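Atoms considered below: every heavy atom in the structure, side chains included; atoms not considered: hydrogens, waters and symmetry mates. Please read all numbers here as calculations on a predicted model, not as lab measurements.
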Amino acid sequence: MAVMRLEEPRPRIEMPIPVRIPTAHGAQPPSGPSRRALALAALIALLAALAGFVGWRVLLRPVTVEVASVGTDVPVQVFGLGTVGARVQSNVGFKVAGVLVALNADSGDRVSAGSVLARLDAREVAAQLGQANAGVLQARASLVKAHADVAAGEANRANATAVAGRRSELAKSGHASVEEAQTTRTAELTAVANLGIARAGVDVAEAALTAAEAQVTYAQATLDNYTLRAPYDALVVARNLQLGAMPLPGQVVFTLIDPATIWVLGYVDERLAGGIALGQPAEITLRSEPGRHYPGHVARIEIQSDAVNEERLVEVAFDNIPRDIHLAEQAEVVITTGSLDRAVLVPQTAVSGLRDGHGTVWTIEDARLARRDVTVGAPLLDGRLPIIDRLPEGTQVVVSPASGVRVGRAAVIAETASK
């Protein structure tokens, strides 16, 4: 019996048949590595173009900048913050004790010099003054009597002298006795003595009159102490007592100020106060009137500064004091210490390396950027710095340097570029 063997079919391997793609003139397409080289070359070319464009933008293309303005007759000013006060302020009261029976002024009143502000009960002192005046009248009458006594004494002495002279002549001729002559001589001496007493009486009467008048002056002065008067044209700041009060000697009844001496005590930074001088013009702005500026002037500069805050104390007086003024109100003062005939004004950010009034700025010279060392003055009130150097003709200072600035790069001014 024959046995058949079965074999598994073997896998059939088919070889790929190369396919030719026709090209122009029978050329073959580039291989894989050639395509990558071309892509890389294209990328490098693109980067080079981009770098050239950026380089042109950064290094060659003119940069646009803003330049500073040039000011003429630029005021140099300093600022101070302070309070309203008065150079002349007085606390007034009575020199004696008593009971207040009259008050003629109150806070806010304006009073003239010598006007009566208040009175104390002074009836007892007024009675003493009356007695003193009566004493003067009595002393004057005594003086009149003393002068009359002198006149009578002079008449008696003249008569006694005449009688004594005649008796003496008669006694020499024997027509009168010596005893009669001696008697008349004694009468003459007595008349002379009485005249001396009368004259002394005049001196006593005059002294008594002087004493009586002094007593009147003392009583009047004492009575005046019971009346409180304004020492000068004043503004009443405060009244501290009411009717019926019993003030002690020296106790404050009124607080007065001289309105002509009202000023603002301002505090100015010592670094800016060196140029302040007496008489310089100023402007005062009260906190209650922020939109109004009162003209004034520097009236006094305190010798002692505020060591804690490093500020100088400057009194600025009003040229015309406001009618409605309030002490201790906050106020601002702006003092003009001078002016600059010509100055380039730049913000502080435009000056680099600023120290001791010196720094460096960017400039435009011959349409290209440059660096220049300059000297600057004290900051103005708006914060700008004045360049006080005389810059070369045509030089302009850059106030806001843009990115990419470098020495020698071309530059155009922003306003010109906008046009």
Single hit among Val101, Val99, Val96 for side chain to side chain contact (heavy atoms under 4.5 Å, CB included) with Leu120: Val96
Which heavy atom of Val374 sits nearest a heavy atom of Leu391, and at what distance? CG1-CD2, 4.1 Å
Only pairs under 3.5 Å count here: list side-chain donor-acceptor contacts from residues 313-328, not counting sequence neighbours, and write none if there are none.
unit_1: Asp319; atom_1: OD1; unit_2: His297; atom_2: ND1; d: 2.7
unit_1: Asp324; atom_1: OD1; unit_2: His326; atom_2: NE2; d: 2.9

Exercise answer: donor-acceptor pairs, residues 259-272 side-chain atoms, under 3.5 Å, sequence neighbours excluded:
unit_1: Thr261; atom_1: OG1; unit_2: Val88; atom_2: N; d: 3.2
unit_1: Thr261; atom_1: OG1; unit_2: Asp258; atom_2: O; d: 2.8
unit_1: Asp269; atom_1: OD1; unit_2: Arg271; atom_2: N; d: 3.0
unit_1: Asp269; atom_1: OD1; unit_2: Arg271; atom_2: NE; d: 3.4
unit_1: Asp269; atom_1: OD2; unit_2: Arg271; atom_2: NE; d: 3.2
unit_1: Asp269; atom_1: OD2; unit_2: Arg271; atom_2: NH2; d: 2.8

Check Arg372 with Glu365, please: is the shortest side-chain N to carboxylate O separation under 4.0 Å? yes
Listing, residues 278-286 side-chain donor-acceptor contacts under 3.5 Å, not counting sequence neighbours, or none:
unit_1: Gln280; atom_1: OE1; unit_2: Ala277; atom_2: N; d: 3.0
unit_1: Gln280; atom_1: NE2; unit_2: Gly275; atom_2: O; d: 2.9
unit_1: Thr285; atom_1: OG1; unit_2: His293; atom_2: ND1; d: 2.8

Quick one about Ser339 and Asp73 (side-chain donor to acceptor, distance below 3.5 Å, no hydrogens or angles considered), yes or no? no
Between Val63 and Leu369, is there a side-chain heavy-atom distance shorter than 4.5 Å? yes
For Ser288 and Glu329, the nearest pair of non-hydrogen atoms, with its separation, is OG-OE2, 2.6 Å
Side-chain donor-acceptor pair present, Arg371, Thr360, cut-off under 3.5 Å: no
Would you sort out whether Glu213 and Arg140 count as a salt bridge (charged side-chain N to carboxylate O under 4.0 Å, His left out), showing the intermediate values? CA-CA 10 Å; Glu213 290 175 342; Arg140 287 175 179 171; 3.6 Å; yes
Enumerate donor-acceptor pairs with a distance under 3.5 Å from any side-chain N or O in residues 202-212 to protein atoms, sequence neighbours excluded.
unit_1: Thr210; atom_1: OG1; unit_2: Glu206; atom_2: O; d: 3.0

Contacts under 3.5 angstrom, residues 229-237 side chains, donor-acceptor by atom type, not counting sequence neighbours:
unit_1: Arg229; atom_1: NH1; unit_2: Gly114; atom_2: O; d: 3.1
unit_1: Tyr232; atom_1: OH; unit_2: Ser90; atom_2: OG; d: 2.8
unit_1: Asp233; atom_1: OD1; unit_2: Ala113; atom_2: N; d: 2.7

Test of understanding: with salt bridge (charged side-chain N to carboxylate O under 4.0 Å, His left out), list the residues that count as partners of Glu289, not counting sequence neighbours. Arg292
